[in-house]
Amino acid sequence: MSDTTPLIEPRVLKGFRDYPPEKMMPREALIETARRVYRSYGFAPIDTPALEYYDVLAGKGSEETDRQMYQFRDHGDRHVGLRFDLTVPLARFVAQYAHELGMPFKRYHIATVWRGEKNQAGRYREFMQCDFDTVGVRSLASDAEMVLVVSDLMRAIGFERFQIRLNNRKVLNGLLEKFGLRDRAAHVLRAVDKLPKIGAAGVRDELLNVTGISPTAADNVLQLAQLHGSNEQMLTQLAATCRGNELAETGVSELQQVIAWSAAVGVQEPILQLDVAIARGLDYYTGTIIETFLDDLPSIGSVCSGGRYDQLAELFTREQLPGVGASLGLDRLLAAMEELGLAPATHTPADVLIAQFDSGLIPQYFQIARDLRRLGFGAEVFTDARKIGQQFKYADRRGYRAVIVVGADEVASRKIQVKWMADGKQLEFPWDENLSEMASWLRKQLNRE
RNA sequence: GUGGUCGUAGCUCAAUUGGUUAGAGCAUUGGAUUGUGGCUCCAAAGGUUGAGGGUUCGAUUCCCUUCGACCACCCCA
C-alpha cells in the first residue's frame with residue numbers, strides 16, 4: 001500500500017462493542033460461573049444458529065418484533081433474521097427434536113442475541129444472554145428450582161444484596177377478569193409495571209387516561225399493585241381478594257407452593273419477595289414470573305427475568321410442551337457491576353512470566369514454561385528481546401504475580417530466581433527435573449493448595 | 001421507532017461574547033537505570049476540534065446534514 005491509499009476509519013457499529021482483555025476477563029469469569037451453576041442443577045448446554053428463517057423467529061409477528069429484529073435476504077433470497085432472544089430458538093429446537101430429547105429436557109444456552117433497539121447505558125444492540133429452562137414439566141417444583149438457580153447464581157457471582165421478585169400471571173389475569181378488565185390486560189399490566197418508576201398517582205393517571213378504565217377499576221388495580229408486607233401477609237390478603245375467581249385462586253396457591261418449596265432450602269425473604277406489580281414478559285408467560293433487581297442499582301432494571309409458559313412450542317408443534325426458566329442479562333449485569341465498582345479483580349491469564357535474559361536461553365525458557373504448565377501453572381515466556389527492566393514493567397502492568405529470572409549465572413548454578421511482584425522479594429530454587437520446591441512455594445503463594 | 005442533551009489527544013478536561021501556532025494532567029514510548037517493576041526526573045510522540053457542507057476576512061465557537069454517546073418514551077437483558 002502506498003502512503004496515499006485512503007485509510008479506513010476503524011470503528012464499530014452503534015450499539016455494538018469491542019471487548020478488550022480487561023473487559024473480557026470478568027465477562028468470561030461470569031460466563032464460567034453461570035455455566036457451573038446451571039450444570040450443578042443438571043442443565044445441559046445447547047447452541048443454535050445465530051441466523052434463522054425469519055418466520056421461525058417472528059412467530060406470531062408483531063410490530064415490535066419487526067422493529068427489533070435484524071432481518072435481510074440472504075444470497076439465496078431467503079428471508080432470514082438474527083435471533084433476538086434464546087427462548088424462540090429453544091421453542092423451535094424442542095419442537096424439532098422432542099422425540100429424541102425426551103422429557104423433561106433441561107438445557108442452558110449462553111449466547112449472543114441482537115436487537116435493533118436504540119441503545120442506552122446497559123442496553124446494547126448485541127448482548128449476551130445466559131438462559132436456562134426446563135421443558136416438559138408441569139410440577140411447580142421446577143418453578144421453585146428456577147428461583148433457587150437464580151439465587152445461587154447471584155450469590156456465586158458475588159451479590160448478597162439483591163431481590164428476586166415473584167408473581168404469578170394467573171393471579172393477575174384472574175383478578176383482571178374479576179375486575180372486568182380482561183380485554184385490556186396488556187395495557188393495565190403495562191401501567192402497573194411502571195409503579196416503581198412513576199408512582200401510584202402516575203399509574204392511576206395512565207390507567208384512567210391511556211387505558212381508559214373506570215375510576216373504580218383503577219382503584220382496584222392500584223390497591224392490588226400496592227399490596228405490601230411479608231410474603232405470608234400478602235398471600236393471605238391476595239387469597240381474600242382472589243376469592244371467587246378460579247384462575248386467581250389457582251395462582252395464589254401456586255405462589256404459596258413456590259414460596260414454600262424455595263424456603264425449604266433457605267431462599268426466602270428478603271431475597272425472595274412476592275410482588276404483585278411485577279408483570280413483564282407479557283408475551284408468553286402463563287404462571288410464575290420472576291424478576292431480579294440489585295438493591296444497590298435498581299435503576300438498571302431486571303438483571304435476570306423468567307417464568308413459566310405453558311405453550312412454549314405451540315407455534316411449531318401440536319404437542320404440549322410447558323417450559324419454565326429464566327435469562328441472566330450478562331451485559332447488563334456487567335454494566336451494573338462496573339457502575340458499582342464491583343468488577344471482579346482479575347489478574348493475567350497466566351500465573352508467572354519468564355523473563356528473557358538471553359535469547360540463547362530460549363530453549364530453557366520454553367522448557368521451564370512447559371514444566372510449569374504440566375504442574376498446573378500458567379506460564380508466559382517473554383519472547384521479545386527487551387531490557388529486563390521493561391520486561392518487569394510489562395509483568396507489573398499485566399498483573400503477573402511472579403516473574404522467573406534465569407540468566408547465565410543461574411544456568412551455571414542450576415538455580416531459578418523467582419520474584420514475587422507484590423512485595424518485590426526474590427527467592428532462589430533448585431532447577432531440577434520436576435521443579436518441586438518452586439512448585440510448592442508457588443502453589444502456596446497463589447493459594448492453590 | 002419518537003423527542004431531547006452532548007461530541008476538543010487513548011482517558012478526564014482547558015482555550016477571553018468568532019481572532020491568527022488548540023493547551024494541561026493521566027496514560028503511551030524512549031532515556032536517567034546494560035541482572036529487576038511500582039516512585040521520581042527529563043524528553044518524545046500523539047489533533048484535518050467526530051465527519052461533511054454552509055455563513056464569515058477568519059469557525060473548536062454560529063447554521064444544516066450525518067455518525068456516535070447519553071437521557072426520556074416505547075420496549076426490554
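In this text, all values refer to a predicted model and were calculated from it rather than measured experimentally.
Using cut-offs of 30° and 60° on the angle between ring planes, the pair A:Y54 and A:H79 is parallel. Relative orientation of the A:Y394 and A:F382 rings is perpendicular, given thresholds of 30° and 60° on the angle between their planes. The aromatic rings of A:F93 and A:F105 sit parallel to each other, their planes meeting at less than 30°, with 60° as the upper class boundary. Classification of the A:W420-A:W441 ring pair by plane angle, with boundaries at 30° and 60°, yields perpendicular.
The separation between A:K194 atom NZ and B:C74 atom C1' is 8 Å, rounded to whole Å. Atom pair A:Q129:CD and B:C76:P shows a separation of 12 Å (rounding to whole Å applied). Rounded to whole angstrom, the span from the OH atom of A:Y365 across to the P atom of B:G35 amounts to 12 Å. Put simply, CD on A:Q356 is 15 Å from C1' on B:U36, counting in whole angstrom units. One atom, CG of A:D18, and another, P of B:C11, lie 13 Å apart when rounded to the nearest Å. Regarding A:K118, its NZ atom lies at a distance of 12 Å from the C1' atom of B:G68, rounded to whole Å.
For A:Y38 and A:Y108, the gap between ring centers is short of 6.0 Å.
In this model, the phosphate group of B:U29 is approached by a side-chain N or O of A:R397 to a distance below 4.0 Å at OP1 or OP2. Residue A:R190 places no side-chain N or O under 4.0 Å from the OP1 or OP2 atom of B:C76. A sub-4.0 Å separation between OP1 or OP2 of B:A69 and a side-chain N or O of A:Q120 is absent. Note on A:Q390: a side-chain N or O is less than 4.0 Å away from OP1 or OP2 of B:G30. Between A:R123 and the phosphate of B:C75, there is no side-chain N or O to OP1/OP2 separation shorter than 4.0 Å. The side chain of A:K387 contributes no N or O atom lying less than 4.0 Å from OP1 or OP2 of B:G30.
Taking the P atom of each, B:A51 and B:G7 are spaced 14 Å apart, rounded to whole Å. Across B:A24 and B:U49, the matching C1' atoms stand 16 Å from one another, rounded to whole Å. Between B:G68 and B:G52, the distance separating the two C1' atoms is 15 Å to the nearest Å. Spacing between B:U65 and B:C6 at atom P, rounded to whole Å, works out to 15 Å. Taking atom C1' on both B:G35 and B:U29, the two are 23 Å apart, rounded to the nearest angstrom. Comparing B:G23 with B:G37, their C1' atoms are spaced 32 Å from each other, to the whole Å. Separating the C1' atom of B:U48 from that of B:U60 is a span of 13 Å, rounded to the nearest Å. Between the P atoms of B:G4 and B:G10, the separation comes to 31 Å (whole Å).
When both pairing distances are held under 3.5 Å, B:G58 makes no Watson-Crick or G-U pair with any nucleotide shown. When Watson-Crick and G-U wobble pairs are counted only if both distances are under 3.5 Å, B:A72 pairs with B:U2. Pairing partner, B:A24: B:U12, with both Watson-Crick or wobble hydrogen-bond distances short of 3.5 Å. Nucleotide B:U48 forms a pair with no other nucleotide shown, judged by Watson-Crick or G-U wobble geometry with both contacts under 3.5 Å.
You won't find any donor-acceptor pair under 3.5 Å spanning the side chain of A:Q417 and the base of B:U36, going by distance alone. Put simply, the side chain of A:K419 and the base of B:G37 share a donor and an acceptor less than 3.5 Å apart. Residue side chain A:R67 reaches the base of B:C74 through a donor-acceptor N/O pair under 3.5 Å, judged by distance alone. With hydrogens and angles ignored, a donor-acceptor pair closer than 3.5 Å exists between the side chain of A:E410 and the base of B:G35.
Each of A:L328 and A:D423 has a nearest nucleotide on RNA chain B; the 5'-most of these lies closest to A:D423. Nearest-nucleotide assignment on RNA chain B puts the 5′-proximal partner with A:Q391, out of A:Q391 and A:L330.
With 3.5 Å as the limit, one finds a donor-acceptor pair spanning the side chains of A:D152 and A:Y41. Checking A:E117 against A:Y124 by side-chain atom types alone, no donor-acceptor pair falls below 3.5 Å. In summary, the side chains of A:D133 and A:Y309 do present a donor paired with an acceptor at a separation below 3.5 Å, with no hydrogens or angles considered.
Note on A:D409: a base of the nucleic acid sits closer than 4.0 angstrom, heavy atoms only. Within 4.0 Å of A:R125, counting heavy atoms only, lies no atom of the nucleic acid at all. In this structure, A:G306 reaches neither bases nor backbone, as no heavy-atom distance under 4.0 Å exists between it and the strands shown. Nucleic acid contact class of A:G116 (heavy atoms, under 4.0 Å, all strands): none. At a threshold of 4.0 angstrom between heavy atoms, the contacts of A:Y394 with the nucleic acid are absent. Across all strands, A:K14 comes closer than 4.0 Å only to sugar-phosphate atoms, never to a base (heavy-atom distances). At a threshold of 4.0 angstrom between heavy atoms, the contacts of A:A422 include nucleobase atoms, whether or not backbone atoms are also involved. Heavy atoms of A:V405 sit under 4.0 angstrom from at least one base atom.
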Would you tabulate the nitrogen or oxygen pairs shorter than 3.5 Å linking the protein to nucleotides 41-46 of chain B?
none

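Aromatic stacking of A:F357 on B:G35: not satisfied for centres closer than 5.5 Å together with planes under 30 degrees.
A salt bridge links A:K170 with A:E254; the closest basic N to acidic carboxylate O contact falls under 4.0 Å.
The minimum heavy-atom distance linking A:R125 with A:F16 is given by the pair CB-CE1, 3.6 Å.
Contact annotation: the side chain of A:R443 approaches that of A:F377 to within less than 4.5 Å [non-hydrogen atoms, C-beta and beyond].
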